[in-house]
*Asks:* 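Dumping the structure here so I can ask a few things about it.
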Amino acid sequence: MLDMLKSVFSNLSRKPVTRMYPFEERKPFDINRGHLENNIDECIFCGMCQRVCPSNCIKVDRKTSVWEYDPFECVLCGVCVEKCPKKCLKLDVHYRSCTDKKYNIHLEKHDDSEKAGA
Amino acid sequence: MIVNSREVEIGNLKSEVKKYHDGGYRFVTETCLNLEDKFKIIYTFAIGYDLENIHIITDGKNVPSVSDIYSCALAVENEIKELFGIEFDGLAVDFGGNFMLGESSPISPQADIEIIRREKGGKNE
Amino acid sequence: MSDKSTIPFGPQHPVLPEPIHLKLVVEDEKVVEAYPAFGFVHRGLETLAQKKDFNQMVYVVERVCGICSCMHGQDYCEAIEELMGIEVPVRAEYLRTIWAELHRIHSHLLWLGLFADAFGFENLFMQTWKIREKIMDILEATSGNRVIISVNIVGGVRKDINSEQAKWILKELDEVERQLKDINDVVMNNYTVKQRTVGIGVLTKEEAYELGATGPMAKGSGVDLDLRTTGYAAYKYLDFEPIVEKAGDSYARNLVRMREIFQSIDLIRQALGKIPDGEINVPVKGNPPAGEVISRLEQSRGEVVYYIKSNGTKFLDRLRIRTPTFANIPALLKILPGSQLQDVPVLILTIDPCISCTER
């Protein structure tokens with residue numbers, strides 16, 4: 001009947017296992033797959049990320065230099081990051097904050113920056 | 001394990017399955033495949049850790065159910081019936097199309113060809 | 001007293017983590033018949049295999065089930081590798097084993113918590129989930145995600161465990177084992193647990209074999225079947241004995257799962273001790289050749305069967321997944337009639353149901 005007593009006493013003398021979340025956050029691990037970011041200035045719009053994505057959440061338009069990403073369809077597998085030839089995609093360790101509205105990430109490379117790069 | 005399955009005539013299916021049952025085999029699963037305008041059903045049995053497969057080719061009508069030999073086959077046969085629309089003869093328990101699908105679901109969603117239409121409100125108790 | 005009444009159980013019910021509907025025909029308090037209905041979370045993932053590249057499907061099959069996701073990916077990859085004749089590096093085999101065993105521990109702890117919750121033992125529920133959190137941290141630190149870790153790819157694994165992490169894992173596992181031993185006494189000897197599990201839902205050895213039960217459901221009834229002994233992945237290098245209990249009731253299945261947690265900790269220690277250096281994956285070129293393959297492995301809930309038919313293109317012709325819960329449903333329908341209504345939650349949870357596995 002009293003099997004639980006041992007853990008009851010050890011828990012009484014210990015500080016809580018849980019954290020007061022919004023005020024105290026755990027430091028994310030280094031390889032945490034938080035959210036996807038694209039450094040658009042280095043992107044060459046090859047479309048590799050679009051081809052390997054298992055959830056079809058990335059759309060690349062080479063002609064208009066547009067990189068579009070739906071964070072709500074993304075499953076954060078990170079396969080696009082591995083296959084990116086320019087290594088301009090990266091997974092940040094922090095999660096996106098929650099929201100009540102869906103949105104798309106729309107990134108465009110402007111002509112002037114392209115010229116400046118070339 | 002690369003599959004090596006033996007084709008069995010539909011008429012001999014039950015006696016073949018009975019042989020496996022009496023030989024102490026465990027029923028693993030049935031797998032239904034779309035062929036051109038037919039279906040292939042693979043029956044998988046296991047003894048110890050070894051698998052054995054037999055298969056039948058059918059047009060989807062009057063397939064004898066093996067659920068009276070292996071009663072556990074009724075779950076997978078009901079699933080195949082709903083997802084592929086194959087008619088089984090002598091199902092031990094027929095869920096009447098309410099095992100995997102709901103009343104407003106598409107009919108036989110995994111099949112390339114349509115065999116049966118489900119009657120509306122055909123709800124089995 | 002032959003007034004029969006029908007009670008709907010689920011799809012939403014306080015003890016059910018996932019939606020399953022049961023129509024229970026009861027006579028007073030005694031269940032005489034039970035009819036299940038599934039399909040609330042059917043997603044058609046088998047059909048999706050015909051529209052996705054076989055490399056992309058790894059991430060899809062991981063999402064068949066959240067709890068044994070790593071092992072789904074592993075089984076799928078092993079099937080494709082067998083079809084293409086790919087030899088996986090030994091280090092990748094060890095890593096797959098380590099992650100699979102971590103998944104087994106966290107699955108069993110999750111189940112134990114839910115099971116305790118089903119008969120109202122809230123304290124045990126919280127203690128087990130507290131321990132489970134350490135395992136989740138290990139998974140997150142080594143793979144980058146807590147549950148769906150996406151480490152398996154065709155040809156090996158994507159992430160590596162370095163020696164520092166290995167040391168940290170061993171330290172955490174010691175702590176987990178110490179805390180588990182306290183819980184172990186409760187699960188094995190507590191009056192409340194015994195009252196609610198001993199002699200409830202008895203499945204004899206013959207019935208378990210006949211109904212095709214797998215995993216702890218079969219092992220608890222004395223059926224000595226554990227696919228890990230066939231030596232897939234790195235199990236051929238490790239030393240272990242399948243755990244079998246004879247009684248066949250809910251308590252015996254408890255014991256199987258509890259002892260399997262300790263066995264898994266031991267297997268991870270062995271694997272981390274023996275793991276060789278080397279590559280973690282090999283490049284995969286081309287498409288799988290036309291052919292049919294069946295691959296099986298032992299998940300936390302039992303034997304999972306992957307049937308794959310490929311036609312030589314990058315899309316698969318047919319993918320069929322026979323999950324362990326699907327095989328255990330007939331056993332559940334066998335033990336439900338004749339039980340008391342108050343035991344129904346215990347009986348449903350004793351098979352460790354994973355409904356999204358069952359429906360795919």
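So that the names make sense, note that chain A is the first sequence line, chain B the second, and so on, each numbered from 1.
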*Asks:* Mind checking whether C/His72 and C/Cys65 have side chains closer than 4.5 Å, heavy atoms only?
*Replies:*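 When only atoms from C-beta onward are counted, C/Cys65 and C/His72 do touch, with a gap below 4.5 Å.
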*Asks:* Please tell me if the side chains of B/Leu51 and C/Ile294 come closer than 4.5 Å, counting only heavy atoms from C-beta onward.
*Replies:*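 They are in side-chain contact.
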*Asks:* Would you mind checking which part of B/Phe27 comes under 4.5 Å of any heavy atom in chain C, side chain (CB onward), backbone (N, CA, C, O), both or neither?
*Replies:*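 Looking at B/Phe27, just its backbone touches chain C.
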*Asks:* Answer yes if the ring centres of C/Phe54 and C/Tyr76 are under 6.0 angstrom apart, and no otherwise.
*Replies:*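 No, the ring of C/Phe54 stays outside the 6.0 Å limit from the ring of C/Tyr76, centre to centre.
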*Asks:* With the side chain counted from C-beta on, respond yes when C/Val305 and B/Val28 share a heavy-atom pair under 4.5 Å apart, and no when they do not.
*Replies:*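 C/Val305 vs B/Val28: side chains touch.
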*Asks:* Of the backbone (N, CA, C, O) and the side chain (C-beta and beyond), which part of C/Glu46 lies under 4.5 Å from a heavy atom of chain B, both, or neither?
*Replies:*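 Answer is both: backbone and side chain atoms of C/Glu46 are under 4.5 Å from chain B.
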*Asks:* What part of C/Leu225 gets closer than 4.5 Å to chain B, counting heavy atoms only: side chain, backbone, both or neither?
*Replies:*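 Answer is both: backbone and side chain atoms of C/Leu225 are under 4.5 Å from chain B.
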*Asks:* With a 4.5 angstrom heavy-atom cut-off, which part of B/Glu79 approaches chain C: side chain, backbone, both or neither?
*Replies:*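 The side chain, not the backbone.
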*Asks:* Only pairs of heavy atoms separated by less than 4.5 Å count here; which of C/Glu303, C/Glu78, C/His42 has the most with chain B?
*Replies:*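 If we count pairs closer than 4.5 Å to chain B, C/Glu303 comes out on top.
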*Asks:* Kindly indicate whether the side chain of C/Glu210, heavy atoms from C-beta on, has any atom under 4.5 Å from the side chain of B/Arg26.
*Replies:*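 A side-chain contact is absent here, since even the closest heavy-atom pair is not under 4.5 Å.
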*Asks:* Answer with side chain, backbone, both or neither: which region of C/Tyr209 has an atom nearer than 4.5 Å to a non-hydrogen atom of chain B?
*Replies:*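 Both parts, backbone and side chain.
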*Asks:* Can you say whether B/Ile42 sits under 4.5 Å from chain C via the side chain, the backbone, both, or neither, judging by heavy atoms?
*Replies:*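 The side chain, not the backbone.
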*Asks:* Tell me, side chain or backbone of C/Thr230 under 4.5 Å from chain B's heavy atoms, or both, or neither?
*Replies:*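 Contact with chain B: side chain only.
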*Asks:* Less than 4.5 Å apart, side chain to side chain, heavy atoms only: is that true for C/Val26 and C/Ser5?
*Replies:*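 C/Val26 vs C/Ser5: side chains touch.
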*Asks:* Tell me whether the rings of C/Tyr235 and C/Tyr232 are parallel (<30°), tilted (30 to 60°) or perpendicular (>60°).
*Replies:*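 Judged by the thresholds at 30° and 60°, the geometry between C/Tyr235 and C/Tyr232 is perpendicular.
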*Asks:* Is it the side chain or the backbone of C/Lys334 that comes within 4.5 Å of chain B heavy atoms, both, or neither?
*Replies:*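 For C/Lys334, there is no contact with chain B at all, as no heavy atom is under 4.5 Å.
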